[in-house]
Undergrad: 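One structure is given below, represented as structure tokens, and several questions about it will come after.
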Amino acid sequence: MPELLTGAQILCRALLDQGVDTVFGYPGGAIMPLYHALPEFPGLRHVLVRHEQAAAHAADGFARASGRPGVCVATSGPGATNLVTGLATASMDSSPVVAITGQVPRAMLGRDAFQETDIIGITLPITKHSVMVQDISELADRVHEAFAIATEGRPGPVLIDVPKDVQNQKMEWVAGPGGGRADRRTGGRSRDLPPRAALLEAARLIAEAKRPLMMVGHGVILSDAYDEVRALAERTGMPVITTLLGISGFSEAHPLHLGMPGMHGEVHVNRAIQQADLILAIGLRFDDRVTGNTAGFAPRAKIIHVELDPAEIGKNVPVALALPGDARAVSRALLGVVRPRWCEGWWQEIEGFRRSREETFRGGITPSGILRSIHQASGGQASIVSDVGQHQMWVAKLYPYREPNTHITSGGLGTMGFAVPAAMGVQLARPGRPVWAISGDGGFQMNLQEIATMVQEQIPVKMAVFNNGYLGMVRQWQQFFHGRRYSATPIWSPDYVKLADAYGIAGYRVEEAGQIEDVVARASAEPGPTLVEFLIEQEANVFPMVPPGGSLSESIEGEPAAAAEVAS
Amino acid sequence: MIPTTISIVVDEAMIPLDRALGVVRRRNLRITSLTLSPGPVKGTTLIVAQAAADPADAQRLAAQLRKLVGVREAAVNPVDAPPGRQLALARLRPAGERGRALLAAVELAGGTLLEAGPEGCVVQVIGTVPEVRRGLTSLESFGILDTAWSGPVALAAQAAPAEDAVPTSTEDDWS
């Protein structure tokens, strides 16, 4: 039986049809009709954030953790523009976010109306698709289409701009079959495989290689290809390298796991790449942070590139063999053609590349000690959401990731302030499991207002702040490459324990190593959101480091003797 | 770097057009010319840009364009790559009583009647340069007022109109 519904109500219905149960948003004038309708749909939980950027990051974190599209809502004008950084973050890391923005009424468009912005124009480069709904009659279809596009193929953010009068329009609504549930694990995945001849060629190359490597990227996580990739690695005996966003795509407890490559990759990992004669790359795009100077990247290796997005194959590095397709499907197909093998000599060679390193941290508070305690206190079940900076590299390299998809960070855009709001989304996607947001003091201050969201919405994220009083990674570059001129990098922080108290949550400060384990255990046991500040060595550096413009063969492994100027 | 023609067929709407041009722009290519015209099928727009590009970069650009929502087809070719297909639009005098004859002539020319009305007609002809010239010559008796050529484009050989690409007038309109 037809019902007379408003556009806002139809929008809510369409979201429910898509399996949405959580939206992160902030109300305002142009989106008010949607907020008026929301209470009629108790199946849609609305999380009121404190800044729309946080809504976008939270939706992103939700999407990465759940495999389902994350939804954020904002009003027109400044509300919409505040989503931009979050959408760009999601775009760079192929995360399916659906952003719904209010817009001024259609009759006001183009007249520089109050809170009018061309948000579609602004977000064109950072969205996979965007649409302004012109009439209530197309609203539901545009929503279903948006979810399908966000999840199909290489996932990405989609923006739906809905003028206020369209939200207020009414029409007779007849429930249809609905859009179905858009899920990157099922509906959006391509089943196409490369030609059999290409798979056989890949098998031949793998069989003949003397120094083969497997590189695992974000595509393995997006595709849930864990079992297939592990089986492929075990069948071929290849050492496995995980990029920053590929971390937790292959268990670090597995004997084949080698480490992270690139600018802050371990020496033995980078040397293995430079000595390899074959690289099987699955689900990565050879970002410059992974390759260093591309002219010097893997000079001896033939690259087999398994990648869903054909536009990425050959974009940054030449490949010997392209295997376009979904990581899981192609890995499964390769399992059907590769023969078992093992390269004992190669493994021994790689062992010879390993370096031990002694680092000194104030009070003995080491990143590895902190992360070990978090791992222990969580029983290895924690999802780690990291911000951007030095701590990000320590979190990536020192935490023992054993469970799939438990490392979440802003990789491509490197967005400071990502961790705290994204962790909210991760927590809501994984209720009952521990979630730690790990930030530096710089990034933490960018979105710490979301502690209020956690309190109001009872989202029990544990927040760790690696406080060294600097924008650490920038300071490190200034030390190494700009004559130790620490321009605008010393950064003041409030008393975080008092801040926690002001927000009504538990707060702790760790000033010496002996406190770490006990404080982390107590914080983990707190029922609600919790803040732990770690006072760490102020001028600690992340090693090793490939200098900008350098190849993976060039690593800075210790404090530079003389800092030099370098072109950016 | 060689002169390269980038041909993109997009849905006839602002957003796909903006998005496609944005991708071209962001690849840091020096665009030397840019034309827009009706696409090979109704409801599409043809963008033809010429730029200096490395051949490998140009092919990757085509791959990036093809994955955009709203882009139906994208191709890049060196400017002098044979065979050089071109697209020409011709504006003709109103057909009047010679409507049927015009339709027959357009069909023989391998063209498409895009518009027909009391103000005149617009015919699109696609093919190699000699083919397009022959087609336009065959239409001269109907009074060509103006022509526009796209320059070399790369279009699918089956650039035939889709089912919905019907002329705005039919034979019945002439009777």
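Labels below follow one simple rule: chain letters A, B, ... track the order of the sequence lines, proteins then strands, and each chain is numbered from 1. Values below: every heavy atom of this structure, side chains too, minus hydrogens, waters and symmetry copies.
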Undergrad: Run the side chain to side chain contact (heavy atoms under 4.5 Å, CB included) test against A148(B) and tell me which residues pass, sequence neighbours left out.
TA: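 In terms of side chain to side chain contact (heavy atoms under 4.5 Å, CB included), with neighbours along the sequence ignored, A148(B) is linked to no residue.
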Undergrad: Does atom CD (E107(B)) have a neighbourhood of more than 12 heavy atoms from anything else shown, all under 6.0 Å?
TA: no
Undergrad: What are the residues of residues 13-35 of chain B, in order of number, with any heavy atom under 4.5 angstrom from a heavy atom of chain A?
TA: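 Interface residues of residues 13-35 of chain B: I15(B), D18(B), R19(B), R26(B).
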Undergrad: Which bit of I149(A) is near chain B, if near means a heavy-atom gap under 4.5 Å: side chain, backbone, both or neither?
TA: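 Just the side chain, heavy atoms under 4.5 Å.
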Undergrad: Kindly list each side-chain donor-acceptor pair under 3.5 angstrom involving residues 308-324 of chain A, sequence neighbours excluded, with atom names and distances?
TA:
| from | atom 1 | to | atom 2 | distance (Å) |
| --- | --- | --- | --- | --- |
| D309(A) | OD1 | A311(A) | N | 2.9 |
| D309(A) | OD1 | K67(B) | NZ | 3.4 |
| D309(A) | OD2 | R154(A) | NH1 | 2.8 |
| D309(A) | OD2 | K67(B) | NZ | 2.3 |
| E312(A) | OE1 | K315(A) | NZ | 2.8 |
| E312(A) | OE2 | R154(A) | NH1 | 2.7 |
| E312(A) | OE2 | K315(A) | NZ | 3.4 |
| N316(A) | ND2 | R285(A) | O | 3.3 |
| N316(A) | ND2 | F286(A) | O | 2.9 |

Undergrad: Hey, can you pull the donor-acceptor pairs under 3.5 Å for the side chains in residues 287-298 of chain A, sequence neighbours left out?
TA:
| from | atom 1 | to | atom 2 | distance (Å) |
| --- | --- | --- | --- | --- |
| D287(A) | OD2 | R289(A) | N | 2.8 |
| N293(A) | OD1 | A295(A) | N | 2.9 |
| N293(A) | ND2 | G549(A) | O | 3.1 |

